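Read the structure below first, then the notes.
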Protein chains: 2
Amino acid sequence: MAAKYLSIRDQILDLIAEMDVGEALPPERTLAPQFGVARMTLRRGIEEVVREGRLKRKHGAGTFVAGPKIAQGLAVTSFSEDMRQRGATPSSRTLDAGELSAGPKLAKRLEISTGEPVMRVVRLRLADDAPMAVETLHVPGRVAPDLDGSALDDASFYELLHEDYGIVLAGGVQTIEATVTDEPESEILEVPLHSPAFLFERVSRARDGQVVEFVRSVYRGDRYQFRVELQPARGPRDPS
Amino acid sequence: MAAKYLSIRDQILDLIAEMDVGEALPPERTLAPQFGVARMTLRRGIEEVVREGRLKRKHGAGTFVAGPKIAQGLAVTSFSEDMRQRGATPSSRTLDAGELSAGPKLAKRLEISTGEPVMRVVRLRLADDAPMAVETLHVPGRVAPDLDGSALDDASFYELLHEDYGIVLAGGVQTIEATVTDEPESEILEVPLHSPAFLFERVSRARDGQVVEFVRSVYRGDRYQFRVELQPARGPRDPS
DNA sequence: CCTCCCAAATGGACTAGACCAATGTCCGTC
DNA sequence: GACGGACATTGGTCTAGTCCATTTGGGAGG
């Protein structure tokens with residue numbers, strides 16, 4: 001059985017979906033028996049929603065529906081999801097796809113041997129039909145043997161991984177750097193040469209620890225920005 | 001009295017400090033009575049540490065000291081703190097300081113009237129004595145009437161705010177964009193003209209909602225990067 | 001009519017205990 | 001020796017209740 005507090009979280013989400021911003025949630029002591037759980041469990045569920053930024057607690061006053069969600073920064077795992085959260089319609093165009101054999105650097109990233117086959121797909125990512133990013137995806141051959149670009153035009157790569165290959169992503173590491181576009185990138189993204197851009201590099205792993213993908217994305221700096229809501233900053237050692 | 005779980009968190013941190021990476025923490029059922037709290041409270045404390053990335057739990061096995069912390073991205077509230085986390089020694093040099101009257105844009109950001117006095121301090125931020133960022137700080141005159149650059153050479157602005165003016169920061173909003181350095185920035189940061197850079201803009205508020213500062217920072221793209229550990233992505237609505 | 005204070009309502013913290021779920025070990029079996 | 005299952009250990013969740021801290025609104029008193 002799924003954890004109760006997760007179910008509570010979903011019910012809370014349903015509840016606030018029909019409420020206005022600023023409106024107060026019923027008191028915890030009222031909600032808990034309504035949902036048939038202890039107050040502690042209810043609180044655990046609410047906490048999840050608060051952490052997602054959709055509710056705001058105020059000690060002594062109540063729990064209130066938060067304003068439109070400010071993107072929580074870097075939990076960018078999926079272009080499509082990211083764009084939808086930003087209120088844009090994502091789409092995709094495959095520019096190139098094929099198999100190659102891993103060079104030393106690529107082999108290291110994917111944690112395979114040099115020379116092993118690797119599937120490579122280059123995609124242009126669009127938001128509201130305007131170029132947003134160029135994404136180069138590398139997948140070890142043994143992970144997705146017959147991957148080709150056509151399947152990726154619409155579908156999410158992650159869904160495809162799950163449905164066709166039974167692979168569930170467990171996590172990864174992403175780095176973000178500032179860069180400028182080179183010539184081919186400028187052309188594809190329709191920006192001047194040496195325009196500001198973000199460079200994302202991500203390595204994702206499956207549950208067994210195996211590297212599933214290495215993605216390198218170049219985002220247009222003029223269209224993409226991060227927006228982070230800063231907390232009162234209870235730092236690593238400063239509860240004062 | 002401070003919350004018990006926060007005290008637990010600190011004790012756990014002390015405990016971990018003397019342990020090796022990968023070593024297991026004593027079981028919760030042992031630690032709880034040792035610290036004189038209920039297991040639930042102990043867990044709450046441990047959870048804090050886990051969220052900071054210094055411990056890793058493994059259901060059925062134990063709780064283990066995590067490897068060197070991977071920076072959790074964008075919770076950047078303080079340059080000094082950020083640099084220390086990255087293993088560098090922060091320092092600072094004030095380049096310019098003075099009072100000016102708010103133009104329309106600045107007034108809007110600070111939520112004051114056009115023409116009101118604003119204190120402005122430009123600082124070069126260094127990591128291990130090498131230029132890392134240029135930071136321009138704007139503070140409404142009525143918040144810190146007699147602010148001058150000299151006080152900021154060593155001290156943290158936030159500490160100063162707290163100690164001299166009794167202001168406690170409650171949060172803020174930060175945006176991050178990709179940009180390139182202009183001429184003065186290039187010179188100060190000692191990089192070629194039009195080098196890749198990050199542009200941070202932050203607006204911070206006190207507990208009463210009043211805007212306390214507007215900061216604009218330009219970070220060297222060749223020295224600064226984000227590194228984010230991605231979670232299994234329990235998205236807004238996908239607990240599956 | 002205004003001010004100040006207090007009490008009710010609300011979220012926050014904590015407890016002691018129960019049971020569930022994942023993990024790893026150890027031992028018997030083959 | 002290799003396999004497999006029972007079991008002890010560990011973290012994960014949940015409960016029902018108590019007490020604390022903060023906020024807010026309304027009533028007493030000026």
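Sequence lines set the chain letters: A, B, ... in the order given, protein chains first and strands last, and positions in each chain run from 1. The structure presented is a predicted model; accordingly, all values stated were derived computationally and were not measured.
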What is the distance, rounded to the nearest whole Å, between atom [atom1] of [X] and atom [atom2] of [N]?
| X | N | atom1 | atom2 | answer |
| --- | --- | --- | --- | --- |
| B/Phe35 | C/dT15 | CZ | C1' | 18 Å |
| A/Leu6 | D/dT13 | CG | P | 8 Å |
| A/Phe64 | D/dT22 | CZ | P | 17 Å |
| B/Leu55 | D/dT10 | CG | P | 16 Å |
| B/Glu48 | C/dG12 | CD | P | 14 Å |
| A/Arg43 | D/dC19 | CZ | C1' | 14 Å |
| A/Glu23 | C/dT10 | CD | C1' | 17 Å |
| A/Lys56 | C/dT10 | NZ | C1' | 18 Å |

Query raised in the report: Do B/His59 and the base of D/dG12 stack face to face, with centres under 5.5 Å apart and an angle between planes under 30°?
Result: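 Base of D/dG12: not stacked against B/His59.
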Can a salt bridge be assigned to the pair [X] and [Y] using a cut-off of 4.0 Å between side-chain N and carboxylate O?
| X | Y | answer |
| --- | --- | --- |
| B/Glu48 | B/Arg43 | no |
| B/Arg216 | B/Glu135 | no |
| A/Glu213 | A/Arg109 | no |

Report task. Not counting sequence neighbours, which residues clear side-chain hydrogen bond (donor to acceptor under 3.5 Å, both in side chains) with A/Arg142? List them please. Result -> A/Gln210
Requested in this report: Measure the acute angle between the ring planes of A/His138 and A/Phe214, then classify it against the limits of 30° and 60° as parallel, tilted or perpendicular.
Outcome: parallel
Query raised in the report: Using 30° and 60° as the class limits, which term best fits the ring planes of A/Phe226 and A/Phe200: parallel, tilted or perpendicular?
Result: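 Correct class here is parallel.
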Requested in this report: Respond yes when some side-chain nitrogen or oxygen of A/Arg44 is under 4.0 Å from OP1 or OP2 of D/dT13, and no when none is.
Outcome: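 Looking at the OP1 and OP2 atoms of D/dT13, one of them is under 4.0 Å from a side-chain N or O of A/Arg44.
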Report task. Verify the contact: side-chain N or O of B/Tyr5 to OP1 or OP2 of C/dC14, cut-off strictly under 4.0 Å; return yes or no. Result -> no
Report task. Using the side-chain contact (heavy atoms from CB on, under 4.5 Å) rule, take A/Leu106 and A/Val118 through it: C-alpha gap first, then chi angles, then the decisive distance, then the call. Result -> CA-CA 9 Å; A/Leu106 188 54; A/Val118 173; 4.1 Å; yes
Protein-nucleotides 15-18 of chain D N/O pairs closer than 3.5 Å?
unit_1: D/dT15; atom_1: OP1; unit_2: A/Lys4; atom_2: NZ; d: 3.0
unit_1: D/dT15; atom_1: OP2; unit_2: A/Ala38; atom_2: N; d: 2.9
unit_1: D/dT15; atom_1: OP2; unit_2: A/Thr41; atom_2: OG1; d: 2.4

